[in-house]
Amino acid sequence: MSRVTLTQYLVEQQRAKGLAPADVRQLIEDVGRACKGIASAINKGALAGVLGGAGTDNVQGEAQKKLDVISNDMIVAATEWGGYLAGMASEEMDNALPIPAHLPKGEYLLVYDPLDGSSNIDVNVSVGTIFSVLRCPQGVSAADEKAYLQPGKQQIAAGFVVYGPATIMVLTVGNGATAFTLDRDAGDWIQTTEKIEIPADTKEFAINTSNSRNWTAPIKRYIDECLAGTKGPRGKDFNMRWVASMVADVFRIISRGGIFMYPADAKYAEGRLRLLYEANPMSFIVEQAGGAAINGPQRILDVQPGKLHQRQGVILGSKNEVALVGKYYAEMK
Ligand code: AHG
Ligand code: MN
Ligand code: MN
């Protein structure tokens with residue numbers, strides 16, 4: 001197998017398609033370097049004293065894990081010096097972080113969830129990092145939240161790393177989606193899937209069924225029909241998976257198809273997941289891999305954000321399955 005590194009892939013995207021200019025390439029490489037450090041901390045677990053709670057809450061009102069904070073700080077340290085950022089925003093920071101005055105600034109914004117699936121850290125189940133790259137609008141200070149409030153279709157790049165049995169980065173710079181596996185010995189991200197293609201159909205759904213009493217009618221109808229199996233209107237049996245780490249559920253779906261659902265419901269009127277650093281990067285990747293991503297009535301990448309930590313309903317994956325759920329939303333509003 002030829003060993004195409006992350007750097008080689010990004011240089012070739014710039015040569016062939018004018019994508020991932022040098023600053024974007026350096027930013028993605030530096031995020032990749034931070035994720036190698038996060039992977040190493042996660043792999044050491046209790047031996048590194050990184051498990052358990054940090055004793056603080058984030059702006060979402062969620063108790064932070066030590067690794068939420070450690071991962072966040074590693075990404076800040078790995079990228080704030082680079083000269084390509086105007087600022088950054090994170091699930092774990094209340095406000096957008098401008099680049100310190102003594103450091104060079106650039107034209108891009110980094111938005112990220114440093115550790116996704118935090119509830120799984122202490123039980124040794126896969127977690128991940130999700131990131132999104134936007135251009136800072138002309139004449140807007142990156143200290144201003146407004147700079148980040150861009151629809152997901154304006155993303156320059158998006159990626160996630162899943163810290164699983166293998167450490168894998170999934171990435172798009174707008175020319176399809178690709179995957180790299182971390183070669184720990186050499187310390188390189190090596191391309192292991194050139195072009196990710198999500199099967200259009202599936203027999204596997206991912207949803208937290210403990211929320212079923214809160215679901216809206218379209219979701220209830222869709223899941224009931226899946227559960228009815230071969231005797232029901234779908235005429236086939238379905239399987240269910242729910243890891244409670246979006247990165248792990250989405251990686252499975254881009255690998256073998258499926259539909260991931262965390263819809264807006266009676267408990268989470270806006271949805272549970274965050275638009276800017278969970279729904280948008282994942283939707284960009286899924287669409288680039290031939291899948292679809294809606295919030296119910298609307299394509300997620302078209303949503304105009306109103307606030308930095310805005311939540312959003314998410315239904316994404318195999319395009320024919322997502323289209324069926326979208327049809328139920330249209331018919332049952
Ligand atoms: P985070 O750990 O960054 O807060 O994200 C967790 C998210 C997402 O990864 C996952 O799909 C979802 O929360 C799980 O929610 P439930 O625990 O309600 O199932
Ligand atoms: Mn998350
Ligand atoms: Mn998180």
Side-chain angles (χ1 to χ4, degrees), residues 2-36 38 75-76 78-90 99 104-114 128-138 142 147-148 150-162 167-183 186-198 247 250-251 254 276-277 280-291 293 301:
S2 71
R3 288 173 65 89
V4 173
T5 62
L6 175 62
T7 300
Q8 181 179 343
Y9 172 79
L10 291 169
V11 168
E12 288 172 350
Q13 291 303 310
Q14 184 180 13
R15 273 188 202 142
K17 302 276 181 186
L19 298 167
D23 272 359
V24 172
R25 178 169 75 239
Q26 186 61 43
L27 168 56
I28 293 171
E29 287 178 338
D30 290 343
V31 170
R33 199 163 296 116
C35 290
K36 286 194 281 189
I38 295 169
I75 291 173
V76 172
T79 57
E80 68 173 349
W81 61 273
Y84 35 63
L85 287 183
M88 59 184 107
S90 157
I99 298 302
K105 289 164 202 46
E107 59 182 302
Y108 297 100
L109 300 172
L110 176 65
V111 191
Y112 61 98
D113 175 0
T129 297
I130 310 171
F131 62 92
S132 167
V133 180
L134 294 164
R135 197 182 297 280
C136 188
Q138 292 292 339
Y148 296 82
Q150 303 177 38
K153 61 191 166 192
Q154 290 176 203
Q155 291 175 94
I156 304 285
F160 68 90
V161 175
V162 50
T167 296
I168 298 176
M169 179 193 289
V170 175
L171 178 71
T172 182
V173 292
N175 178 32
T178 186
F180 301 85
T181 300
L182 179 61
D183 175 341
D188 283 335
W189 293 100
I190 303 298
Q191 189 176 45
T192 39
T193 305
E194 200 169 323
K195 185 171 173 43
I196 297 172
E197 291 175 306
I198 303 176
V247 288
V250 171
F251 187 77
I254 64 173
L276 287 184
Y277 40 80
N280 274 345
M282 289 306 202
S283 299
F284 187 18
I285 289 164
V286 163
E287 285 198 2
Q288 286 290 315
L301 294 184

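Predicted model, so just to flag it, every value in this text is computed and none were measured. No hydrogens, no waters, no symmetry mates; every other heavy atom, side chains included, goes into these values.
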**Student:** Might you point out which heavy atoms bring R135 and E107 nearest each other, and give the distance in Å?
**Tutor:** NH1-OE1, 2.8 Å

**Student:** Go through the steps for F160 and I254 under the test side chain to side chain contact (heavy atoms under 4.5 Å, CB included), then give the verdict.
**Tutor:** CA-CA 12 Å; F160 68 90; I254 64 173; 4.0 Å; yes

**Student:** Atom CD1 of I130 and atom OH of Y277: how far apart are they, to the nearest 0.5 Å?
**Tutor:** 10.0 Å

**Student:** For a side chain to side chain contact (heavy atoms under 4.5 Å, CB included) check, start with the C-alpha distance between L85 and Y108, then their side-chain angles and the critical distance, and finish with the verdict.
**Tutor:** CA-CA 5 Å; L85 287 183; Y108 297 100; 4.3 Å; yes

**Student:** If you measure from CD on Q8 to CG on D188, what distance do you get to the nearest 0.5 Å?
**Tutor:** 11.0 Å

**Student:** Are the side chains of I190 and T181 in touch, meaning some heavy atoms are under 4.5 Å apart?
**Tutor:** no

**Student:** Kindly indicate, with the supporting measurements, whether the criterion side chain to side chain contact (heavy atoms under 4.5 Å, CB included) is fulfilled by R25 and L6.
**Tutor:** CA-CA 9 Å; R25 178 169 75 239; L6 175 62; over 6 Å; no

**Student:** Please find the pair of heavy atoms, one from N280 and one from L276, that lie closest to each other, and give the distance.
**Tutor:** ND2-CD2, 3.9 Å

**Student:** Quick one: closest heavy-atom pair of I38 and P114, and the distance?
**Tutor:** CD1-O, 4.4 Å

**Student:** Any side-chain heavy atom of L109 sitting closer than 4.5 Å to one from Q150?
**Tutor:** yes

**Student:** Considering only heavy atoms from C-beta outward, does the side chain of I75 approach that of F131 to under 4.5 Å?
**Tutor:** no

**Student:** Return the SG to CZ distance between C35 and F180, rounded to the nearest 0.5 Å.
**Tutor:** 13.0 Å

**Student:** What's the separation between atom OG1 in T178 and atom OH in Y9, rounded to the nearest 0.5 Å?
**Tutor:** 5.0 Å

**Student:** Please report the closest heavy-atom contact between A186 and R3, naming both atoms and the distance.
**Tutor:** CB-NH2, 4.0 Å

**Student:** Evaluate side chain to side chain contact (heavy atoms under 4.5 Å, CB included) for V170 paired with V250, printing each intermediate quantity in order.
**Tutor:** CA-CA 10 Å; V170 175; V250 171; over 6 Å; no

**Student:** T193 and I196: which non-hydrogen atoms are nearest, and at how many Å?
**Tutor:** CG2-CG1, 3.8 Å

**Student:** Nearest heavy-atom pair of S132 and Q155: which atoms, and what distance?
**Tutor:** OG-OE1, 2.8 Å

**Student:** If you round to the nearest 0.5 Å, how far is OG1 of T192 from CE of M169?
**Tutor:** 11.0 Å

**Student:** I'd like to know if the side chain of K195 reaches the main chain of G176, judged simply by a donor and an acceptor atom lying under 3.5 Å from each other, with no hydrogens or angles considered.
**Tutor:** no

**Student:** What residue among V161, T5, T7 forms side-chain contact (heavy atoms from CB on, under 4.5 Å) with W189?
**Tutor:** V161

**Student:** With rounding to the nearest 0.5 angstrom, report the CG to CD distance, L110 to E80.
**Tutor:** 12.0 Å

**Student:** Do D113 and V247 make a side-chain contact, defined as non-hydrogen atoms from C-beta onward lying under 4.5 Å apart?
**Tutor:** no

